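For reference, the structure is listed below as structure tokens.
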Amino acid sequence: MAGKLKREYYLGDNVVSIARSLLGKTLMTNIKGVITGGKIIETEAYSGLVDKASHAWPNKKTARTEVMFEPGGIAYVYLCYGIHRLFNIVTNVKGKPDAVLVRAIEPTVGIEHIIKRRNAKKLTEKLSSGPAKVSSCLGIDLDHNTQPLTGRKIWIENGIENHHSIVETTRIGVDYAGEDALLPWRFYIKDNSYISRK
DNA sequence: TCGACGATGACCT
DNA sequence: GGTCATCGTCGAA
């Protein structure tokens with residue numbers, strides 16, 4: 001049932017399998033008392049040690065990537081194209097900069113607030129089918145960067161164990177990574193309509 | 001300091 | 001299909 005994922009879950013050393021196992025779980029936020037959440041539909045894994053697509057490659061610590069070197073179980077949120085906030089889950093132990101990008105959710109909790117945040121009239125697939133849209137739906141902002149996922153502002157709950165087929169494919173928007181762009185490190189729930197792209 | 005650029009999305013044709 | 005908004009980050013100077 002709906003238990004909050006514990007710190008140990010995020011400390012695992014295989015970011016690819018964590019990205020896969022996050023599908024179907026529920027990402028939740030509490031923004032000044034407004035609780036919203038959605039089922040995780042699509043994720044991508046990024047591994048700072050071996051993966052050119054990662055901001056932390058090759059094991060590169062800067063002011064921005066520092067958060068990924070912390071022990072898993074905290075949020076990495078960064079500004080993309082000067083406009084969009086992209087939410088990642090830091091994984092692995094201290095000093096191993098891995099993270100999982102959440103690319104799409106299916107809204108399940110506080111849907112009326114999600115619709116309002118997106119300036120929409122009703123719930124459609126388009127509202128949360130992309131990484132920047134996920135942050136917008138759930139009210140995730142840059143001040144969530146470094147926030148623990150074991151706290152009260154943002155967290156992840158075990159989904160009800162429903163069976164779903166998983167599609168594994170290449171990541172989006174990482175052409176700059178050369179052959180690492182070909183790694184099958186993007187995962188999504190098959191036949192779910194909230195997928196960001198086919 | 002300064003300049004190039006990005007793990008995107010909204011809107012247009 | 002194409003354009004472009006908009007600003008923090010990072011490496012060069």
Side-chain angles (χ1 to χ4, degrees), chain A residues 10 15-20 22-23 27 38 40-70 72 74-92 96-107 114-147 149 154 156 167-189 193-198:
Chain A
Y10 301 103
V15 66
V16 176
S17 72
I18 293 175
R20 174 187 275 271
L22 280 165
L23 296 178
L27 175 61
I40 297 172
I41 298 303
E42 179 179 344
T43 61
E44 287 178 357
Y46 289 84
S47 184
L49 279 174
V50 296
D51 167 24
K52 278 187 181 174
S54 169
H55 292 157
W57 184 85
N59 210 23
K60 182 179 68 176
K61 191 187 275 192
T62 65
R64 180 173 66 154
T65 65
E66 202 171 14
V67 56
M68 285 195 269
F69 288 79
E70 292 298 306
I74 60 178
Y76 167 42
V77 183
Y78 76 97
L79 191 64
C80 185
Y81 292 97
I83 308 168
H84 303 113
R85 294 133 185 90
L86 270 59
F87 167 73
N88 296 254
I89 297 150
V90 174
T91 70
N92 214 333
K96 302 281 185 67
D98 289 348
V100 176
L101 172 68
V102 176
R103 289 191 55 90
I105 61 168
E106 178 181 330
I114 288 173
I115 291 169
K116 192 182 290 182
R117 283 182 183 140
R118 299 284 289 124
N119 295 316
K121 293 203 165 59
K122 61 186 178 74
L123 183 64
T124 66
E125 296 129 24
K126 290 198 279 271
L127 290 194
S128 56
S129 56
K133 299 179 189 177
V134 168
S135 296
S136 180
C137 281
L138 299 182
I140 297 170
D141 211 331
L142 294 182
D143 56 12
H144 284 88
N145 193 37
T146 73
Q147 282 290 319
L149 301 173
I154 182 165
I156 298 174
V167 177
E168 104 180 19
T169 181
T170 53
R171 295 170 294 179
I172 305 290
V174 294
D175 293 345
Y176 60 86
E179 60 186 17
D180 287 345
L182 302 177
L183 292 169
W185 284 6
R186 174 177 176 230
F187 303 97
Y188 62 84
I189 295 179
S193 54
Y194 288 83
I195 302 311
S196 66
R197 297 199 221 169
K198 268 293 177 189

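A, B, ... follow the sequence lines: proteins, then strands. Residue 1 opens every chain. What you see is a predicted model, and the numbers here were worked out from it, not measured in a lab.
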side-chain contact (heavy atoms from CB on, under 4.5 Å) evaluation trace for A/Asn88 with A/Tyr78 | CA-CA 9 Å; A/Asn88 296 254; A/Tyr78 76 97; 3.9 Å; yes
Which is it for A/Phe187 and A/Val16 under the side-chain contact (heavy atoms from CB on, under 4.5 Å) test, yes or no, and what are the steps along the way?
-> CA-CA 9 Å; A/Phe187 303 97; A/Val16 176; 3.6 Å; yes
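For A/Arg64, counting side-chain heavy atoms from C-beta on, the closest listed nucleotide (B/dA10, B/dT8, C/dC10) is C/dC10. When each of B/dG9, B/dA7, C/dC10 is scored by its nearest atom to the side-chain atoms of A/His84, the top-ranked nucleotide is B/dG9. Nearest to the side chain of A/Leu86, among B/dT8, B/dA10, C/dT9, sits B/dT8. For A/Leu79, the side-chain atoms get nearest to C/dG8 when compared with the rest of B/dA7, C/dC10, C/dG8.
For the OP1/OP2 pair of B/dA10 and a distance below 4.0 Å, the side-chain nitrogens and oxygens of A/Lys133 include at least one atom meeting the criterion. The shortest distance between the side-chain N/O atoms of A/Tyr81 and the OP1/OP2 oxygens of C/dC4 is not below 4.0 Å. An OP1 or OP2 oxygen of B/dT8 is reached within less than 4.0 angstrom by no side-chain nitrogen or oxygen of A/Arg85. In this model, the phosphate group of B/dA7 is approached by a side-chain N or O of A/His55 to a distance below 4.0 Å at OP1 or OP2. The phosphate of C/dG11 has OP1 or OP2 within less than 4.0 Å of a side-chain N or O from A/Lys60.
Residue contacts shown for A/Ala63 are limited to sugar-phosphate atoms, with no base heavy atom under 4.0 Å away. When heavy atoms are screened at a 4.0 angstrom cut-off, A/Ala53 is found touching base atoms of the nucleic acid.
Atom P of nucleotide C/dT9 and atom CE of A/Met68 are separated by 12 Å, given to the nearest angstrom. Distance CG (A/Asp180) to P (B/dA7): 14 Å, rounded to an integer number of Å. Going from atom CZ of A/Arg186 over to atom P of B/dT8 covers 11 Å, rounded to whole Å. For the pair A/Tyr46 OH and B/dG6 C1', the computed distance is 12 Å after rounding to whole Å. Taking atom CG of residue A/Leu127 and atom P of nucleotide B/dG9, one finds them 12 Å apart after rounding to whole Å. Here C/dG11 presents its P atom at 14 Å from OH of A/Tyr176, a figure rounded to the nearest Å. Atom-to-atom, NZ of A/Lys126 to P of B/dC11 comes out at 10 Å; the value is rounded to the nearest Å. The separation between A/Arg197 atom CZ and B/dA7 atom P is 12 Å, rounded to whole Å.
Between A/Leu142 and A/Ile83, the residue anchored nearer the 5' end of DNA chain C, judged by the nucleotide with its closest heavy atom, is A/Ile83.
Contact check for A/Val67 versus A/Val90: side-chain heavy atoms found under the 4.5 Å cut-off.
Base pairing analysis places C/dA12 opposite B/dT1; the two distances defining the Watson-Crick or G-U wobble pair are each below 3.5 Å. The nucleotide B/dT8 finds its pairing partner in C/dA5, both defining distances of the Watson-Crick or G-U wobble pair being shorter than 3.5 Å.
Taking both residues in full, the closest heavy atoms of A/Asp51 and A/Arg171 are given as OD2-NH1, 2.8 Å, listed atom of the first, atom of the second, then distance.
Checked against the 6.0 Å centroid threshold, A/His144 and A/Phe87 do not count as a close aromatic pair.
To the nearest 0.5 Å, the span separating OH on A/Tyr194 from NZ on A/Lys126 amounts to 11.5 Å.
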